[in-house]
Amino acid sequence: MELRLYDTLSREKRTFVPLDANNVRMYVCGPTVYDFAHIGNARPVIVFDVLFRLLRHLYGEAHVKYVRNITDVDDKINDRAARDFPGLPLNEAIRKVTEQTGKQFHADVDALGALRPSVEPRATEHIGEMREIIERLVAGGFAYVAEDHVLFSPQAMNAANSTLPRYGALSKRSLDEMIAGARVDVAPYKRDATDFVLWKPSKPGEPSWPSPAGIAAPGRPGWHVECSAMAWKHLGEYFDIHGGGIDLVFPHHENEVAQTCCAFHQERMANYWMHNGFLQVEGEKMSKSLGNFVTIHELLADWPGEVLRLNMLKTHYHSPIDWTMKSLEESARTLDDWYRAAADVEPGKPAASVLEPLLDDLNTPLAIAALHGLRGSDVNGLAASLRLLGFLSESAAQWEGRKQQASGVDAKDVERLISERTAARARKDFKESDRIRDELAAMGVTIKDSKDGTTWEIAR
Ligand SMILES: [Zn+2]
């Protein structure tokens with residue numbers, strides 16, 4: 001069985017052939033740590049976690065390296081720090097913001113059942129690599145210094161007579177059209193409207209580092225060069241898979257390709273570019289002004305992380321997803337059923353009917369449909385397949401107990417009512433037994449009678 005992945009650059013599904021099967025390398029753009037992550041941020045985390053797990057299954061756990069960065073130098077972080085900790089020196093306030101937000105992000109994604117990446121580099125720990133890339137770009141004639149900024153010139157890249165990729169190839173945009181459509185009020189230090197910042201001077205009090213390219217004033221990196229530097233440091237000049245949300249294709253990924261390929265004279269930065277689609281909430285674009293901005297943290301207060309995970313994977317990663325309450329409720333019921341069927345079962349091998357769609361460009365909706373099919377035929381295969389997808393992290397009892405806790409129902413009260421009902425039935429007092437059943441239903445408890453006695457669960 002071979003893995004096929006859709007590549008944004010070539011616009012086709014291609015058989016995945018690793019550059020080195022002993023060291024399969026994947027980079028995914030991580031969060032900028034200044035606030036709670038919203039549910040849209042959870043999508044690449046979950047999608048690429050499934051790919052990480054699948055690659056580990058195919059090539060062995062020790063042979064897959066997954067890098068997801070943390071952006072801890074950014075204007076948004078500075079603004080948040082100044083607002084939340086006005087009494088502190090800015091650098092100290094920034095550290096507080098990035099530490100708190102980083103911790104919160106980890107707690108959120110752990111709850112979603114996402115494995116930690118092999119490396120989680122922080123931008124502030126890779127300033128040296130950023131400076132080196134910038135020096136190389138200036139020396140190669142792809143970047144220039146102006147008013148203490150260093151700017152990358154896409155036109156210089158496309159004018160180079162070499163095997164470099166064309167600027168705009170990833171996002172399928174023409175540089176000429178970008179130039180023609182550029183805004184008139186371009187920063188005065190830019191030679192061309194399409195030039196982008198590699199390095200800029202820091203304002204007083206902001207984090208700053210010694211500048212590259214002979215600039216005397218201290219400064220800080222632009223966002224795009226951060227990822228080129230961290231990917232280079234941990235995965236090399238050219239690696240297998242680069243992933244992220246579809247909104248990052250332009251300009252962020254286009255600029256990463258430009259920086260890395262021009263600095264290291266590569267034809268490609270990554271062999272496969274993978275992008276997950278947008279997320280909407282109840283049919284609308286999520287935005288703070290619409291009031292439908294949902295954080296992972298808020299959702300985790302109401303739902304187990306695995307419910308959010310399943311809800312995300314019911315849609316193919318490439319398609320837009322509509323995040324609805326109705327769908328969450330369905331996902332919760334599905335997981336209840338899977339936990340009852342498979343959580344305490346010895347896992348066998350992941351079923352071929354689940355693996356095949358996963359190998360076909362991570363077709364998780366088809367894989368989930370196949371899981372339903374295993375329910376009656378191969379529970380050991382169901383257990384193994386669910387674990388491969390990052391589910392069943394708890395026992396059936398833990399899962400049920402958590403539901404009881406969330407519902408506020410005390411198991412002792414339920415057991416007492418059930419034994420009273422059993423007694424009523426034994427003396428043929430059906431009026432009383434019906435009354436108790438209704439009382440339990442009002443508590444959100446459904447009961448099931450069988451020859452072995454009465455079992456119960458919290459209805460969702
Ligand atoms: Zn990035």
Side-chain angles (χ1 to χ4, degrees), residues 7-9 25-35 37-38 40-49 51-52 65-77 98 101-102 105 109 114 116-134 137 143 152 154 165 167-171 173 196-200 220-264 266 268-278 317:
D7 171 32
T8 307
L9 178 60
R25 288 161 291 162
M26 171 164 80
Y27 186 93
V28 175
C29 294
T32 300
V33 283
Y34 70 101
D35 204 351
H38 60 71
N41 302 133
R43 196 168 189 198
V45 167
I46 293 171
V47 164
F48 290 103
D49 179 67
L51 180 56
F52 183 37
K65 189 169 183 185
Y66 171 23
V67 178
R68 186 182 63 213
N69 71 293
I70 291 177
T71 295
D72 58 353
V73 44
D74 186 273
D75 285 335
K76 289 197 256 340
I77 299 173
T98 58
T101 320
F105 178 74
V109 301
R116 293 281 178 97
S118 322
V119 189
E120 281 195 288
R122 288 176 169 265
T124 50
E125 290 162 2
H126 296 75
I127 304 288
E129 287 82 1
M130 295 173 206
R131 272 203 300 261
E132 183 169 345
I133 288 177
I134 293 170
L137 293 173
F152 185 94
Y167 186 85
L170 181 67
S171 56
R173 288 168 190 237
F196 63 88
V197 169
L198 297 170
W199 190 267
K200 58 187 170 185
R220 58 196 176 104
W223 173 41
H224 311 303
V225 78
E226 296 177 11
C227 282
S228 280
M230 288 183 269
W232 171 45
K233 170 75 188 275
H234 297 284
L235 299 175
E237 297 170 4
Y238 177 41
F239 51 91
D240 295 295
I241 300 167
H242 193 314
I246 188 88
D247 52 324
L248 296 183
V249 176
F250 188 87
H252 185 53
H253 288 167
E254 193 71 61
N255 292 352
E256 278 189 41
V257 173
Q259 295 157 165
T260 298
C261 292
C262 291
F264 303 112
Q266 293 283 343
R268 303 189 66 145
M269 177 183 187
N271 214 356
Y272 299 80
W273 283 89
M274 293 180 67
H275 293 99
N276 63 270
F278 286 114
Y317 79 90

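Ligands are counted one by one from 1 in listed order, and the atoms in each one are counted from 1 as well. Owing to the predicted nature of the structure, the values given are computational and were not obtained by experimental measurement.
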Student: Look at Cys227 and state whether any of its N, O or S atoms is less than 2.8 Å from the Zn ion (ligand 1).
Tutor: yes
Student: If the cut-off is 2.8 Å, does any N/O/S atom of His252 fall short of it from the Zn ion (ligand 1)?
Tutor: yes
Student: Please work out whether the ring planes of Phe196 and His224 are parallel, tilted or perpendicular, with thresholds of 30° and 60°.
Tutor: perpendicular
Student: Decide, yes or no, whether a salt bridge links Asp75 with Arg220 under the criterion of side-chain N to carboxylate O below 4.0 Å.
Tutor: yes
Student: Within the stated cut-off of 2.8 Å, is an N/O/S atom of Glu226 closer than that to the Zn ion (ligand 1)?
Tutor: no
Student: Starting from the Zn ion (ligand 1), look over the N/O/S atoms of Glu256 and name the nearest one.
Tutor: OE2
Student: If the test is side-chain contact (heavy atoms from CB on, under 4.5 Å), which one of Val73, Ile127, Thr32 qualifies with Glu226?
Tutor: Val73
Student: Taking the inter-plane angle between the rings of Trp273 and His242 on a 0 to 90° scale, is it parallel (under 30°), tilted (30 to 60°) or perpendicular (over 60°)?
Tutor: parallel
